[in-house]
Number of protein chains: 2
Amino acid sequence: MSQIRKPPTMADIARVTGVSPMTVSRAFKTDSLISKETREAILQAAEELGYVFDSTASNLRSQKTDFVAVTIPSLNNANFADTVGGLSETLAARNMQILLGYTNYDMAEEERLIEQLLRRKPQAIVVTGGKHTPRGRKLLENAHIPVIETWDAPAEPIGHFVGFSNAGVVREMVDHFVRAGYTRIAFIGGDAGRDTRGSDRRHGFLEAMKAHGLDTSRLIAAGPPPISMREGANAMARLIADYPDTEAVICVSDLSAYGALTECQRRGISVPEQIAIGGFGAYEIGSICVPTLTTIDAQAREIGRRTGALLIDILNGREDVGDVLIKPELIVRESTR
Amino acid sequence: MSQIRKPPTMADIARVTGVSPMTVSRAFKTDSLISKETREAILQAAEELGYVFDSTASNLRSQKTDFVAVTIPSLNNANFADTVGGLSETLAARNMQILLGYTNYDMAEEERLIEQLLRRKPQAIVVTGGKHTPRGRKLLENAHIPVIETWDAPAEPIGHFVGFSNAGVVREMVDHFVRAGYTRIAFIGGDAGRDTRGSDRRHGFLEAMKAHGLDTSRLIAAGPPPISMREGANAMARLIADYPDTEAVICVSDLSAYGALTECQRRGISVPEQIAIGGFGAYEIGSICVPTLTTIDAQAREIGRRTGALLIDILNGREDVGDVLIKPELIVRESTR
DNA sequence: TTGAAAGCGCTAACAT
DNA sequence: ATGTTAGCGCTTTCAA
């Protein structure tokens with residue numbers, strides 16, 4: 001004879017327990033003043049009634065959702081997944097829930113997403129990247145909540161920033177290659193314009209090569225970001241065809257770098273003897289493939305953790321919080337000599 | 001002279017525009033009856049005031065959040081990320097927002113998560129796996145919202161199901177190996193008990209081997225799930241040490257299979273000539289490494305898409321919705337003869 | 001096509 | 001330690 005009935009509310013528990021709804025409310029907060037017996041009676045009644053706390057009502061009344069909105073280019077990228085993981089870990093301690101959205105590496109989509117996420121009244125918003133549509137930027141500025149831009153150093157920060165310079169980091173790798181004696185160095189990346197981090201890395205490559213007085217024409221555009229292993233392999237094939245005397249290649253990510261490596265393996269080109277390969281991101285693949293890949297560890301998880309810690313400080317009202325500059329680390333492995 | 005002021009509400013827009021709050025509310029719904037001029041005036045006023053629609057209030061009043069709660073074992077797994085991606089894609093068309101939680105392959109954590117997510121009053125909940133703590137199960141049963149279990153065929157479904165039999169699928173691979181002439185076949189998986197999908201696959205392996213009258217002792221436990229590439233490599237090293245005459249090995253995932261492959265490469269063991277390797281999950285790595293990996297495509301993204309479609313049907317009030325049985329596909333590649 | 005009244009379920013603010 | 005009152009911002013419901 002089960003019948004559809006409305007889920008129990010605090011008022012129902014109050015009635016059963018013989019207290020006021022306010023007391024029931026207090027029983028569910030850890031810090032409030034309430035006698036032990038009253039709380040226990042209330043919690044037991046709640047369990048018996050199958051009560052489920054209603055956050056939507058609580059959120060509205062207290063003007064506090066404990067949501068943190070986060071936009072990332074794509075879930076299917078171990079680096080961004082790690083950042084979200086680190087952030088999630090840190091925020092879980094404060095019982096905050098992440099509201100995740102995927103921009104698909106598209107600023108217009110990001111704008112749409114920001115607008116949608118802000119309607120949920122998050123306590124803070126974390127975006128990947130420092131470039132936005134004008135309207136997206138305005139939405140962030142007018143949101144009146146902490147804004148954190150991650151990964152890319154923004155030209156004009158909106159709020160706080162946790163990340164590093166993508167250009168600078170590739171410059172470091174070029175320097176390493178040059179020190180190792182390579183001069184005919186190529187770059188495999190995505191098509192210009194879409195992925196800002198990828199573009200920044202390409203710019204870093206160009207600047208560094210110019211600084212060393214080296215030829216900057218060996219640029220292979222592997223398609224719209226994100227660049228897959230397969231696209232890295234295809235790009236390597238084109239590189240070999242177009243610039244057969246290339247000595248070293250820097251890839252926009254470890255995934256494309258690994259793809260490039262497999263292309264060499266299929267063609268019997270030895271790495272690093274005939275061509276050296278560098279990647280980006282310190283994906284697990286690069287630490288275990290044969291040969292292992294020289295890469296840059298951008299410390300994706302750390303970016304997430306530090307973002308979470310910064311957020312907690314801000315929400316705790318700390319005033320002296322600044323930006324966090326992450327220091328990526330060059331990891332030299334077997335794919336370069 | 002900027003001062004902190006409360007964000008504008010519909011009442012503010014109503015005042016400015018000279019209409020009632022109800023009319024403002026109507027202006028934001030696409031389907032409601034309202035004159036074109038009134039709506040335009042309202043939307044313009046809203047833009048000027050920098051109004052942001054408040055979902056929390058809307059949710060409370062209409063008892064409808066447009067949230068779908070989703071639990072997955074880990075974000076950092078391309079298969080689950082694909083499932084969430086497919087689901088997200090499908091639900092975006094209905095403007096539903098996913099509330100994601102990570103169980104870390106732990107049923108107790110799943111229970112905690114389910115409870116937390118239900119407080120947000122989602123319209124539906126999607127869980128990965130068909131095994132839960134007794135209390136977790138009860139929470140799902142009493143939630144009075146559609147429940148979809150994915151990936152594992154549950155022994156006793158709570159609501160709906162979208163997935164396949166993990167055991168059955170590994171059985172298929174064993175059959176394939178046996179047909180190809182292999183008899184001394186090993187299995188590399190995670191420690192028993194934690195990851196239900198991994199355990200199911202191991203069971204499938206054992207059953208199939210027994211059915212063929214073959215030795216089932218070649219089981220390597222590679223550690224607590226999820227099994228990394230590195231752990232796959234270590235497991236392969238142990239397999240070679242403990243059972244040097246092994247002809248073929250089935251790994252619980254492509255990642256561990258790839259790790260195993262690299263271990264063979266480092267030792268100069270040729271694949272598939274000296275040992276054949278099979279994986280699971282159709283990760284990109286298996287389609288591009290040298291040699292490419294025989295695997296099973298579980299159609300992770302399709303699981304997400306079908307889950308989303310099922311959900312939309314249910315929320316649209318369709319009564320004739322059933323379960324969705326996904327048909328994983330064996331992909332034979334170079335790592336087996 | 002528009003408006004008025006009421007209330008979703010909780011909690012801030014104040015009182016006892 | 002507990003209760004009362006009011007109201008968060010929207011939308012359901014009914015009326016015009």
Side-chain angles (χ1 to χ4, degrees), chain A residues 5-43 45-46 49-67 95 116 118-123 144-145, chain B residues 5-43 45-46 49-67 95 116 118-123 143-144:
Chain A
R5 125 172 86 236
K6 291 184 56 179
T9 67
M10 283 189 182
D12 296 320
I13 299 175
R15 211 167 301 120
V16 168
T17 326
V19 296
S20 75
M22 193 58 234
T23 303
V24 176
S25 174
R26 289 189 179 108
F28 285 98
K29 312 283 146 205
T30 44
D31 54 335
S32 64
L33 318 309
I34 183 174
S35 81
K36 214 175 156 217
E37 305 85 58
T38 320
R39 164 171 285 138
E40 271 164 17
I42 289 170
L43 294 183
L49 292 175
Y51 173 74
V52 177
F53 183 92
D54 189 335
S55 292
T56 66
S58 172
N59 292 345
L60 175 60
R61 175 63 245 226
S62 59
Q63 298 290 79
K64 195 160 148 305
T65 58
D66 287 345
F67 279 133
N95 277 318
Q116 201 199 291
L118 288 179
R119 293 161 63 118
R120 302 279 185 185
K121 304 293 171 185
Q123 311 284 140
H144 298 296
I145 53 175
Chain B
R5 125 172 87 238
K6 291 185 56 178
T9 67
M10 283 189 181
D12 296 320
I13 299 175
R15 213 168 299 120
V16 168
T17 326
V19 297
S20 74
M22 194 55 235
T23 303
V24 177
S25 174
R26 289 190 179 106
F28 286 98
K29 313 282 145 206
T30 46
D31 54 336
S32 64
L33 319 310
I34 184 174
S35 82
K36 213 174 158 213
E37 304 86 59
T38 320
R39 163 171 284 138
E40 272 164 15
I42 289 169
L43 294 183
L49 292 176
Y51 173 73
V52 177
F53 182 91
D54 188 335
S55 291
T56 65
S58 172
N59 292 345
L60 175 61
R61 176 63 245 221
S62 59
Q63 297 291 76
K64 199 163 144 298
T65 57
D66 286 346
F67 279 132
N95 277 318
Q116 201 199 293
L118 288 179
R119 293 161 64 117
R120 301 280 185 184
K121 304 291 171 187
Q123 312 284 143
H144 297 298

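Please read these numbers as outputs of a predicted model, since none were measured by experiment. Residue numbers start from 1 in every chain, and the chains themselves are labelled A, B, ... in the order their sequence lines are given, proteins ahead of strands.
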Q. Where the side chain of A:Thr65 meets the backbone of A:Lys121, is there a donor-acceptor pair that is under 3.5 Å apart?
A. yes

(Q) Measure NZ/B:Lys121 against C1'/C:dC10 and give the value in whole Å, please. (A) 12 Å

Q) Atom CZ of B:Arg15 to atom P of C:dA4: distance rounded to whole Å? A) 13 Å

(Q) Closest approach to the side chain of B:Met10, judged atom by atom: which nucleotide of C:dT11, C:dG3, D:dC10 is it? (A) D:dC10

Q | Side-chain N or O of B:Ser20 closer than 4.0 Å to phosphate OP1/OP2 of C:dG3 | A | yes

Q. B:Lys36 NZ to C:dT1 C1': how many Å, rounded?
A. 16 Å

Q: Give the nucleotide from the list C:dA4, D:dT4, D:dT2 with an atom nearest to the side chain of A:Ile34.
A: D:dT2

Q: Could you tell me whether the side chain of B:Arg39 and the main chain of B:Lys29 form a donor-acceptor pair under 3.5 Å?
A: yes

Q. Taking it one step at a time, do B:Thr9 and B:Asp54 satisfy side-chain contact (heavy atoms from CB on, under 4.5 Å)?
A. CA-CA 8 Å; B:Thr9 67; B:Asp54 188 335; over 6 Å; no

Q: Could you state the atom-to-atom distance from NZ of B:Lys64 to P of C:dG9 in whole Å?
A: 16 Å

Q: Give a yes/no on whether any side-chain N or O of A:Tyr51 is located under 4.0 angstrom from OP1 or OP2 of C:dC10.
A: yes

Q: Report the distance from atom NZ of A:Lys29 to atom C1' of C:dT11, rounded to the nearest whole Å.
A: 8 Å

Q | Gap between atoms CZ and C1', on A:Arg26 and C:dG9 respectively (whole Å) | A | 16 Å

Q) Excluding sequence neighbours, so at least two apart, what forms salt bridge (charged side-chain N to carboxylate O under 4.0 Å, His left out) with A:Arg15? A) A:Asp12

Q.
Just the rounded figure in Å: distance from C1' of D:dT11 to CG of B:Asp66.
A. 14 Å

Q | Minimum-distance nucleotide to A:Thr9 side chain [options: D:dT11, C:dT2, C:dG9] | A | C:dG9

Q: Taking only heavy atoms on the protein side, list every residue of residues 53-63 of chain A lying under 4.0 Å from any atom of DNA chain C, sorted numerically.
A: A:Phe53, A:Asp54, A:Ala57, A:Ser58, A:Arg61, A:Ser62

Q | Rounded distance (nearest 0.5 Å) linking atom CZ of A:Phe67 with atom OG of B:Ser55 | A | 9.5 Å

Q: Can you figure out which of D:dT11, C:dC14, D:dA1 approaches the side chain of A:Ser35 most closely?
A: D:dA1

**Q.** Between C:dA6 (C1') and B:Met22 (CE): distance, integer Å
**A.** 13 Å

Q: On DNA chain C, check which nucleotide each of B:Arg39 and A:Pro8 is closest to and give me the residue with the more 5' one.
A: B:Arg39

Q) With B:Asp66, which residues qualify under salt bridge (charged side-chain N to carboxylate O under 4.0 Å, His left out), at least two apart? A) B:Lys64

Q. Under 4.0 Å between a side-chain N/O of B:Thr38 and OP1 or OP2 of C:dT1, yes or no?
A. no

Q: Calculate, to the nearest 0.5 Å, the distance between atoms CG and CD belonging to B:Asn95 and A:Gln116 respectively.
A: 5.5 Å

Q) Within the pair B:Thr23 and C:dG3, is there a side-chain N or O less than 4.0 Å away from OP1 or OP2? A) yes

